[in-house]
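We name chains A, B, ... by the order of the sequence lines, and we start the count at 1 in each one.
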Amino acid sequence: MRYSKLLIPTLREDPTEAEVISHRLMLRAGMIRKVSAGIYNFLPVGLRVLSKVEKIVREEMEHAGAQEILMPALQPAELWQETGRWQQYGKELMRLKDRHDRDFCLGPTHEEVITDLVRREVKSYRQLPLNLYQIQNKFRDEIRPRFGLMRGREFIMKDAYSFDADLEGAKENYKKMYDAYHKIFSRLGLRFRAVEADTGLIGGSSSHEFMVLAQTGEEGIASCTKCDYAANVERAELKRGVGERGAEQVKSLEKVQTPGKKTVEEVSAFLKSAPQQLVKTLLFVADGRPVAVLVRGDHQVNEIKVRRLLGVSELALADAAKVEAWTGGPSGFSGPVGLKNVEIIGDLSIETMPEAIVGANEKDAHYLHASSGRDFKVDRFADVRNAIAGDLCPRCGAPMAIDRGIEVGHVFMLGTKYSEAMKATFLDPKGEEHFFVMGCYGIGVSRIIAASIEQNHDEKGIIWPMPIAPFAIHIIPVQDQSERVMITAELIYGSMLRAGIDTLIEDRSERAGVKFNDADLLGIPYQVVLGEKNLHEGFVELKNRRTGEKQKIEVEKAIDHLIELVRGPRTQPSSS
RNA sequence: CGGGGUGUGGCGCAGCCUGGUAGCGCACCUGCUUUGGGAGCAGGGAGUCGGAGGUUCAAAUCCUCUCACCCCGACCA
């Protein structure tokens with residue numbers, strides 16, 4: 001393509017709205033433009049990258065035996081009511097009404113629609129297994145869209161759904177998708193890790209997330225420093241701490257004044273103690289009833305674990321009024337001592353603490369030497385917190401490290417959750433009716449672009465991995481008024497096109513500096529620079545965007561060299 | 001949803017406190033010069049000052065409401 005004909009509105013300055021690198025660079029490189037919060041236009045360069053990602057995803061899905069279909073973004077409420085998710089999904093579901101006042105939503109995912117399709121069209125075990133996928137726009141009314149394509153309200157996702165006659169078959173499909181995901185993310189040139197994950201609103205029995213490792217990631221990953229266990233911090237199981245609680249002599253309960261000290265930091269600083277010596281008491285409303293959760297001062301409550309433990313669907317922090325009503329004291333000074341009519345759940349790490357500093361349920365006061373069993377009673381101890389660095393691996397007991405990651409893929413073993421709810425059945429060889437055993441598999445296609453840039457950039461701009469680069473070669477004639485330069489540039493350009501290589505030719509009459517800077521910003525893997533002086537000596541210059549390395553190549557050999565360069569390490573669809 | 005912040009030409013910003021009728025850099029257009037890492041000179045085009053209402057002789061500026069966008073938010077328990 002010719003630069004002058006493409007809409008590539010590069011920006012010299014950083015737009016103020018962009019926080020993270022990928023967002024900044026995508027705006028600056030003219031790939032995307034914001035339409036509204038979390039909603040973006042894809043411009044030509046952005047779309048090219050998107051298409052390349054989609055192409056790789058499609059190739060590997062087809063290779064794994066999945067078939068492409070396309071479902072609607074607009075979905076009727078009835079389907080969602082069948083599975084109960086019309087209620088469960090909450091405010092994140094984009095809901096709307098048609099002119100007849102009938103309820104619809106813009107799909108954040110498509111389990112209902114696909115299950116409805118399959119229950120109508122698939123009746124026999126002979127038609128199984130079946131795996132259908134689509135690449136389509138998804139909608140989520142995020143509380144706070146941010147980071148450009150990373151967390152948008154409308155985004156592009158590949159979602160696949162497998163249907164099997166039994167669990168064994170479903171596991172096989174799950175494995176196939178799991179393997180396909182490894183191939184996809186490897187081909188995309190991402191550094192990633194598959195981790196055990198929570199199933200969230202999708203549900204099902206087990207799941208893995210594929211995380212791209214990056215500091216800007218929104219997810220925490222706990223991974224063992226010794227074995228290959230890795231899990232989302234929300235999911236990571238934490239064992240009861242080693243060591244027994246001894247029969248230490250604990251001093252008796254003592255109330256101290258802590259005027260205005262509410263936070264763990266304030267209280268521990270004021271009392272000259274470590275946050276680990278505090279136990280904080282968080283009050284929740286769990287399906288309407290009061291629950292207190294105790295965790296160590298330096299730990300964080302994991303609401304997902306609490307929810308699962310209690311078997312409730314709604315869990316929210318109690319507001320100040322409820323805290324006052326239940327504990328008798330203002331928020332900031334809650335504690336388990338003397339707490340009545342509230343179920344008390346203690347994290348496992350509390351169990352072995354002989355004593356702790358806790359709130360006294362009255363303004364400006366805390367207790368020292370509060371001892372569970374003696375001064376307060378915990379109804380049950382359980383794993384209800386997030387993992388932190390140094391926690392022990394549930395598999396092998398070695399310490400775990402915490403990294404940050406961007407979730408780009410998620411595979412779920414659904415079982416019969418949706419087929420039962422929607423009565424989706426088939427007949428086995430004996431004529432008996434069974435529910436389909438399902439799996440579902442998502443990839444955040446647009447998010448992958450952001451994730452890739454987070455891992456591949458420098459201070460000048462983007463550095464695309466070849467498989468998803470918008471162009472493979474960027475031809476830059478420096479002196480555009482020189483006939484010799486332009487003729488050679490056009491010659492190489494023509495040859496590249498005939499060889500089927502995506503090539504961008506810089507045909508604007510800009511100064512050299514502008515061309516170079518835009519080229520580095522765009523991040524096309526190879527820049528072919530043509531200048532009078534080099535040409536006169538019979539050379540063109542080849543610059544590797546990633547390494548910055550420049551080499552002179554004889555003009556006659558340039559075309560073959562470039563073709564080899566692009567095709568050489570060409571990534572093939574896996575083993576097909 | 002709560003807290004904080006910002007809306008002035010395509011982008012980045014100043015002006016607002018202390019009202020007097022809009023400015024700077026970049027980008028854009030024209031001409032000349034320049035031409036291997038974001039050029040120089042000269043000329044030019046472009047702004048409902050987010051929106052509505054109010055105060056005033058006069059509002060980008062003061063007041064009220066509203067909208068949009070950005071940032072932070074269990075760790076206050």
Asks: For the C1' atoms, the ones on B:rG45 and on B:rU56, what distance do you get once it is rounded to whole angstrom?
Replies: 35 Å

Asks: If the condition is side-chain hydrogen bond (donor to acceptor under 3.5 Å, both in side chains), which residues does A:D364 pass it with, not counting sequence neighbours?
Replies: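 If we apply the side-chain hydrogen bond (donor to acceptor under 3.5 Å, both in side chains) test to A:D364, skipping adjacent residues, there are no hits.
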
Asks: A:T263 side chain N/O closer than 4.0 Å to the phosphate oxygens (OP1, OP2) of B:rC75?
Replies: no

Asks: Under 4.0 Å between any heavy atoms, over every strand shown, what does A:I476 touch: base, sugar-phosphate, or nothing? Just pick one.
Replies: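 Since no nucleic acid heavy atom lies under 4.0 Å of A:I476, the category is nothing.
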
Asks: More 5' along RNA chain B: A:I143 or A:K34, using each one's nearest nucleotide?
Replies: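 Closer to the 5' end of RNA chain B: A:I143.
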
Asks: Identify whether any heavy atom of A:E13 sits under 4.0 Å from a base atom; if not, whether one sits that close to sugar-phosphate; answer base, sugar-phosphate or nothing.
Replies: base

Asks: Would you kindly say whether A:Q215 and A:D403 are connected by a side-chain donor-acceptor distance under 3.5 Å?
Replies: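 The answer is no; no qualifying pair exists.
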
Asks: If I take atom CD in residue A:E17 and atom P in nucleotide B:rC13, what distance separates them, rounded to the nearest angstrom?
Replies: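 Taking atom P of B:rC13 as the reference, CD of A:E17 is at 11 Å.
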
Asks: Between B:rG7 and B:rU48, how many Å separate the two C1' atoms, rounded to a whole number?
Replies: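 It works out to 14 Å between them.
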
Asks: With rounding to the closest Å, how many angstrom separate the C1' atoms on B:rC70 and B:rG50?
Replies: 15 Å

Asks: Please work out whether the ring planes of A:Y3 and A:H474 are parallel, tilted or perpendicular, with thresholds of 30° and 60°.
Replies: parallel

Asks: Please state the P separation for the pair B:rC65 and B:rA22 - nearest whole angstrom.
Replies: 29 Å

Asks: Do A:L522 and A:F471 have side chains that approach each other closer than 4.5 Å (heavy atoms only, starting at C-beta)?
Replies: no

Asks: Checking all strands, does A:R146 fall into the base, sugar-phosphate, or nothing category for heavy-atom contacts under 4.0 angstrom?
Replies: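 If one applies the 4.0 Å heavy-atom cut-off, A:R146 turns out to touch the sugar-phosphate alone, with no base involved.
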
Asks: Taking atom P of B:rC71 as reference, at what distance in whole Å does atom CD of A:E218 sit?
Replies: 11 Å

Asks: Could you give the OH-to-C1' distance, from A:Y40 to B:rC69, as a whole number of Å?
Replies: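 Atom-to-atom, A:Y40 to B:rC69, this comes out as 10 Å.
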
Asks: Output one letter per nucleotide in nucleotides 33-38 of chain B: B when a protein non-hydrogen atom lies under 4.0 Å from the base, S when only the sugar-phosphate is that close, - when neither is.
Replies: -BSBBB

Asks: Could you please name the partner base of B:rA39, counting Watson-Crick and G-U wobble pairs only when both distances are under 3.5 Å?
Replies: B:rU33

Asks: For A:T327, answer base if it contacts any base atom (sugar-phosphate contacts may also be present), sugar-phosphate if it contacts only those atoms, and nothing otherwise; contact means non-hydrogen atoms under 4.0 Å.
Replies: nothing

Asks: When the P atoms of B:rG54 and B:rG12 are considered, how many whole Å apart are they?
Replies: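 To the nearest whole Å, 33 Å.
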
Asks: Which base sits across from B:rG7 as a Watson-Crick or G-U pair, both distances under 3.5 Å?
Replies: B:rC67

Asks: Stepwise, does the salt bridge (Lys or Arg N to Asp or Glu O under 4.0 Å) test hold for A:K239 with A:D383?
Replies: CA-CA 7 Å; A:K239 292 260 165 85; A:D383 169 19; over 6 Å; no

Asks: Would you measure the distance from the P atom in B:rC57 across to the matching atom in B:rG43 and give it in whole Å?
Replies: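 Looking at atom P only, B:rC57 and B:rG43 are 42 Å apart.
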
Asks: Could you give the distance separating B:rG73 and B:rU66 at their C1' atoms, to the nearest angstrom?
Replies: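 25 Å, rounded to whole Å.
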
Asks: Between B:rA59 and B:rA52, how far apart are the two P atoms, rounded to whole Å?
Replies: 14 Å

Asks: Measure from NZ or CZ of A:R95 to the centre of the six-membered ring of A:W80, then state whether that distance is under 6.0 Å and the direction lies within 45° of the axis.
Replies: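 So A:R95 doesn't make the cation-pi contact.
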
Asks: Without hydrogens or angle criteria, can the side chains of A:S22 and A:E454 be said to hold a donor-acceptor pair below 3.5 Å?
Replies: yes

